[in-house]
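Reminder, nothing fancy here: chain letters follow the sequence lines and each chain counts from 1.
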Amino acid sequence: MSSISGQPQFRYTQPPSKVIHLRNLPWECTDEELIELGKPFGTIVKTKCNVGANRNQAFIEFADLNQAIAMISYYASAAEPAQIRGKTVYLQYSNRQEIVNNKVTADAASNVLLVTVEGVEAGDVSIDVLHLVFSAFGFVHKIATFEKTAGFQALVQFSDSEIASSAKNALDGRSIPRYLLQEHVGPCTLKINFSAHTDLNVKFQSHRSRDYTNPYLPVAPSAIDIAGQDGTKQEPESNVLLASIENMQYTVTIDVLHEVFSAFGFVQKIAIFEKNAGFQALIQYPDIQTANIAKQALEGHCIYEGGFCKLHLTYSRHTDLNVKINNDRGRDYTGGNIGTMSNQPSLLGPQPVPTPSATIHSYNSIPYPAISNGVSLPQVPQAAASWDIRSGAMAPLPVQLRNQSLPPHLHSQPFPPHLHNQMHIRHVAPPGVAPHMMPLPGQRSQQLLFPPPQPYGR
DNA sequence: AGCACA
């Protein structure tokens with residue numbers, strides 16, 4: 001009986017509400033005019049104007065339902081209709097019970113991004129992976145992650161909104177590269193908005209949040225506890241990895257290690273030594289995050305095919321190796337940090353290891369980064385003498401790193417040149433970063449972003 | 001002249 005076909009949805013009567021819906025308002029009606037109209041009937045707690053496609057609707061919310069009823073009742077039988085600037089406005093109860101605070105901010109650019117990772121469960125995407133992905137666009141100051149009904153979300157803080165915009169433009173709607181994810185994890189599509197935040201309040205380094213500008217921030221007790229619950233003793237994270245090698249049938253030189261570990265970022269220093277336990281090596285990265293990635297990717301994998309030279313990685317207690325001279329026991333690739341800005345530590349090594357320029361090429365539409373070619377043909381005299389790497393002996397890498405070609409979205413989205421520049425600048429002097437934490441040459445961060453699928457050749 | 005914002 002009430003609503004029959006042909007009639008529009010709006011019924012003649014709305015159930016009463018403290019909120020009154022106004023329509024046919026004059027152009028650019030103000031909140032003050034709404035208040036003038038409504039205040040004879042009661043206390044107005046909120047108004048909202050310029051609503052709707054034509055921006056000629058509005059809401060008035062009274063403190064009390066009876067006040068709204070008074071206004072509607074009055075104009076239902078008043079001689080003069082409600083008017084603003086001489087224009088008749090039509091009133092009815094709103095179908096909402098309150099005016100909800102609206103953020104008309106319309107995605108104002110911010111240095112902080114709100115990232116929603118679709119299609120994942122908690123723990124599918126680590127904070128390190130997010131850091132890796134977003135670091136391609138500039139120094140990431142902080143990351144905070146949280147779980148909501150909407151799913152897994154993260155706030156990613158950059159230096160400024162320009163960098164954040166670059167990241168948003170490049171990554172919104174795209175997916176995290178498969179090889180950065182565990183196999184069981186489905187496609188992780190990123191939905192990115194600007195956050196209203198400008199500075200995240202990260203109190204601890206934990207599995208949920210990181211402050212990359214403050215290396216001295218304490219590690220959250222919760223993070224330690226969780227590690228302990230696994231029953232696995234967990235040494236404190238470090239930028240230096242301790243590698244012990246099992247079943248070392250073939251010589252493992254510093255050069256081989258350098259190539260293997262360079263796939264994940266700039267290797268600053270390497271030292272090798274014999275212990276009664278066997279062969280061990282220390283590999284120093286610029287930061288813990290890079291070490292993390294390398295550790296996760298390489299742990300338990302063999303340098304050579306056939307189960308030879310199996311890597312076991314733990315965090316070293318060192319943070320900065322003391323390599324006095326470059327020889328077959330120790331190597332410093334940092335070039336003594338003299339202001340040459342050289343990004344080519346590999347030049348210090350004896351063999352032509354992939355250069356940063358080759359790395360940059362990997363961001364163009366080459367399915368397999370140039371670096372993998374470089375690494376696949378390592379000229380390592382010592383190793384070659386005992387084991388012909390070029391014959392395909394080196395291979396067993398994590399499946400995630402081997403079998404995946406770069407995702408299409410990454411091919412199609414080479415980072416614009418200006419980004420490289422920006423990134424470089426940002427990396428040179430990220431505010432508040434202790435010198436030893438300073439991210440290394442921008443190109444290295446890019447390399448970091450997408451480790452080559454085939455670091456070892458065949 | 002007919003219901004926003006998240």
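When distances are taken from the side chain of A:Tyr90 to each of B:dG2, B:dC5, B:dA1, the shortest belongs to B:dA1. Ranking B:dA4, B:dG2, B:dC3 by closeness to the A:Val100 side chain, first place goes to B:dA4. Distance from the side chain of A:Asn95 is smallest for B:dC3 among the nucleotides B:dG2, B:dC5, B:dC3.
Aromatic ring centroids of A:Tyr212 and A:His131 lie under 6.0 Å apart.
Within residues 17-35 of chain A, the residues having any heavy atom closer than 4.0 Å to DNA chain B are, in order of number, A:His21, A:Arg23, A:Asn24. Contacts between residues 57-75 of chain A and DNA chain B, defined by a heavy-atom separation below 4.0 Å, involve A:Gln57, A:Phe59, listed by number.
For the pair A:Glu98 CD and B:dA6 P, the interatomic distance rounds to 15 Å; values are reported in whole Å. Put simply, CG on A:Leu91 is 15 Å from P on B:dC3, counting in whole angstrom units. As rounded to whole Å, 14 Å separates atom C1' of B:dC5 from atom CG of A:Asn193. Rounded to whole angstrom, the span from the CG atom of A:Asn50 across to the C1' atom of B:dA1 amounts to 16 Å. Distance A:Arg55 CZ to B:dA1 P: 18 Å, rounded to the nearest Å.
If you check the side chains of A:Thr290 and A:Asp287, you find a donor sitting under 3.5 Å from an acceptor.
Annotation: salt bridge (charged side-chain N to carboxylate O under 4.0 Å, His left out) contacts of A:Lys191 (sequence neighbours excluded): A:Glu118. Annotation: side-chain hydrogen bond (donor to acceptor under 3.5 Å, both in side chains) contacts of A:Asn66 (sequence neighbours excluded): A:Asp64. Here A:Gln284 pairs with A:Gln268, A:Asp320 under the side-chain hydrogen bond (donor to acceptor under 3.5 Å, both in side chains) rule; sequence neighbours left out. The side-chain hydrogen bond (donor to acceptor under 3.5 Å, both in side chains) check on A:Ser94 picks up nothing, with sequence neighbours excluded. A:Lys87 meets the salt bridge (charged side-chain N to carboxylate O under 4.0 Å, His left out) test with no other residue; sequence neighbours excluded. With sequence neighbours left out, the salt bridge (charged side-chain N to carboxylate O under 4.0 Å, His left out) criterion links A:Arg85 to A:Glu33. Qualifying salt bridge (charged side-chain N to carboxylate O under 4.0 Å, His left out) partners for A:Asp128, counting only residues two or more places apart in sequence or in other chains: A:Arg210.
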